[in-house]
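I have placed the structure first, in the form of structure tokens, so that the comments after it can refer back to it.
Here the structure is a predicted model, which means the values were calculated and not measured.
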Amino acid sequence: FRSDSVWSYELGEKSTLMHRRLTLDVSAYYERWVDPQLATNLAGFGITANGADARIQGLEAEMHALLGRDWHLEANAGYTDATFTRASAIIGYPAGTRVPDTPRVMGSAALRWRHDLSGNLAAFASLEWDYVGSRTDAPYGETITLWNVEQYMVHLPSYSLTDLRLGLESGRWRAALFVDNVTNERVLLDPQPQIDLQTAAFTRYTVIRPLTAGLDLTWRFR
């Protein structure tokens with residue numbers, strides 16, 4: 001496969017409001033992806049090959065807000081339209097097909113709290129939420145062509161995850177109790193069939209880790 005290249009154009013605006021308590025960033029972008037390197041399968045063997053050129057365009061917005069002395073809110077959202085501009089026989093995607101593993105909509109929000117207790121000791125907490133829209137993907141193990149791509153293309157549903165943190169920090173150390181995937185969502189990340197037997201009986205998926213709680217201990221040497 002050949003080297004790929006990207007031409008990218010972006011136009012945006014950054015604003016600071018309310019005596020620097022609120023920051024807003026908004027941008028629109030257009031990218032032309034030439035000779036994209038994509039994973040595919042040929043007769044049961046996984047290979048990387050150059051696909052047809054792709055067009056990627058979208059919008060992004062980001063916000064940072066200081067809600068009070070100890071409270072901070074962050075949020076961002078993005079919309080992406082990524083499609084192939086030409087048909088590619090070797091990769092198997094017709095013109096107009098969405099680029100694999102590229103959700104149209106993504107977003108996240110985080111509410112953070114930090115309070116000084118005494119000396120260098122501080123308490124902190126955070127509530128984080130992430131959203132990823134639906135994606136398409138071609139499973140490993142099948143040779144995708146322009147004629148069978150709709151038959152084998154996998155549609156992965158959208159998902160959202162919530163994480164919690166609560167802890168103490170002082171100087172170089174930090175200790176935090178955490179709970180990841182609070183609502184115990186079962187998220188399909190990637191189709192992974194058994195070897196190259198891509199049938200309903202053998203299709204497997206990589207899934208996200210279920211509800212997990214634990215303790216993080218961190219020490220900075222510098």
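Considering only heavy atoms from C-beta on, Leu164 comes within 4.5 Å of Val182 through its side chain. In this structure, the side chains of His115 and Asp70 come closer than 4.5 Å at one or more pairs of heavy atoms. Here the side chains of Leu168 and Leu121 are in contact, with some heavy-atom distance below 4.5 Å. Taking the side chain as every heavy atom from C-beta outward, Thr80 and Met106 never approach each other to under 4.5 Å. Side-chain contact check for Leu161 versus Val187: some heavy-atom pair is nearer than 4.5 Å. For the pair Leu111/Leu67, a side-chain contact is recorded, criterion being any heavy-atom separation below 4.5 Å from C-beta on. Within the 4.5 Å cutoff, no side-chain heavy atoms of Leu24 are placed close to those of Glu62. Considering only heavy atoms from C-beta on, Val207 comes within 4.5 Å of Leu188 through its side chain.
Among all heavy-atom pairs drawn from Leu22 and Ala65, the shortest one is CD1-CB, 3.8 Å. Between Val149 and Pro94, the closest heavy-atom pair is CG1-CD, 3.9 Å. Of all heavy-atom pairs between Ala95 and Thr85, the closest is CB-O, 3.8 Å. For Ser134 against Arg98, the heavy-atom pair with the smallest separation is O-NH2, 3.0 Å. Nearest heavy atoms, Asp116 versus Ala122: OD1-CB, 3.7 Å.
By the side-chain contact (heavy atoms from CB on, under 4.5 Å) test, Ser160 pairs with Trp129, Tyr131, sequence neighbours left out. With sequence neighbours excluded, the residues forming a side chain to side chain donor-acceptor pair (under 3.5 Å) with Glu169 are Arg114, Arg174, listed by chain and number. Scored by the side-chain contact (heavy atoms from CB on, under 4.5 Å) test, Val26 finds Ala61 as partners (sequence neighbours excluded). Partners of Thr183 according to the side chain to side chain donor-acceptor pair (under 3.5 Å) rule, which considers only residues two or more places apart in sequence or in another chain, are Glu185. Partners of Glu10 by side-chain contact (heavy atoms from CB on, under 4.5 Å), not counting sequence neighbours, listed by chain and number: Ser27, Tyr29. With sequence neighbours excluded, the residues that form a salt bridge (charged side-chain N to carboxylate O under 4.0 Å, His left out) with Asp180 are Arg165, Arg209. Residues that satisfy the salt bridge (charged side-chain N to carboxylate O under 4.0 Å, His left out) test with Glu128, not counting sequence neighbours, are Arg112. Residues that satisfy the side chain to side chain donor-acceptor pair (under 3.5 Å) test with Asn120, not counting sequence neighbours, are absent from this structure. His155 meets the side-chain contact (heavy atoms from CB on, under 4.5 Å) test with Thr136, Met153; sequence neighbours excluded.
Note: His64 NE2 to Arg21 CZ = 15.5 Å, rounded to the nearest 0.5 Å. Taken to the nearest 0.5 Å, the CG atom of Leu73 stands 10.5 Å off from the CG atom of Leu66. Here the NE2-OG1 distance, from His19 to Thr16, works out to 12.5 Å after rounding to the nearest 0.5 Å. A distance of 12.0 Å separates OG1 in Thr97 from CD1 in Ile91, rounded to the nearest 0.5 Å. The CG atom of Asp130 sits 8.5 Å away from the CG atom of Asn76 when rounded to the nearest 0.5 Å. One finds the OG atom of Ser15 at 8.0 Å from the CG atom of Asp25 (value rounded to the nearest 0.5 Å).
Looking only at distances, no side-chain donor or acceptor of Arg186 sits under 3.5 Å from a matching main-chain atom of Ile208. Judged by distance alone, with hydrogens and angles left aside, the side-chain atoms of Trp71 form no donor-acceptor pair with the main-chain N or O of Gly68 at under 3.5 Å.
Ring pair Trp7/Tyr9 is parallel by interplanar angle, where below 30° counts as parallel and above 60° as perpendicular.
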side-chain contact (heavy atoms from CB on, under 4.5 Å) assessment of Leu166 paired with Phe124
CA-CA 6 Å; Leu166 175 63; Phe124 64 89; over 6 Å; no

side-chain contact (heavy atoms from CB on, under 4.5 Å) evaluation trace for Asn181 with Thr212
CA-CA 7 Å; Asn181 193 3; Thr212 305; over 6 Å; no

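Here ring pair (Phe, Tyr, Trp, His ring centres under 6.0 Å) pairs that include residues 79-109, with residues two or more places apart or in two chains, are Phe84-Tyr93.
Cluster annotation: Leu11 and Leu59 are assigned to distinct hydrophobic clusters (Ile/Leu/Val/Met/Phe/Trp/Tyr, side-chain heavy-atom contacts under 4.5 Å, transitive). Hydrophobic clustering (side-chain heavy atoms under 4.5 Å, transitive across Ile, Leu, Val, Met, Phe, Trp, Tyr) keeps Leu146 apart from Val154.
Chaining together hydrophobic side chains whose heavy atoms lie under 4.5 Å apart places Leu177 alongside Leu215, Leu217.
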Would you list the atom pairs, donor with acceptor, under 3.5 Å between side chains in residues 46-56 and any protein atom, with sequence neighbours excluded?
unit_1, atom_1, unit_2, atom_2, d
Asn50, OD1, Arg2, N, 2.5
Asn50, ND2, Arg2, O, 3.1
Asn50, ND2, Asp35, O, 2.9
Asp53, OD1, Asp35, N, 3.2
Asp53, OD2, Arg32, NH2, 3.4
Arg55, NH2, Asp81, OD2, 3.0
Arg55, NH2, Thr83, OG1, 3.2

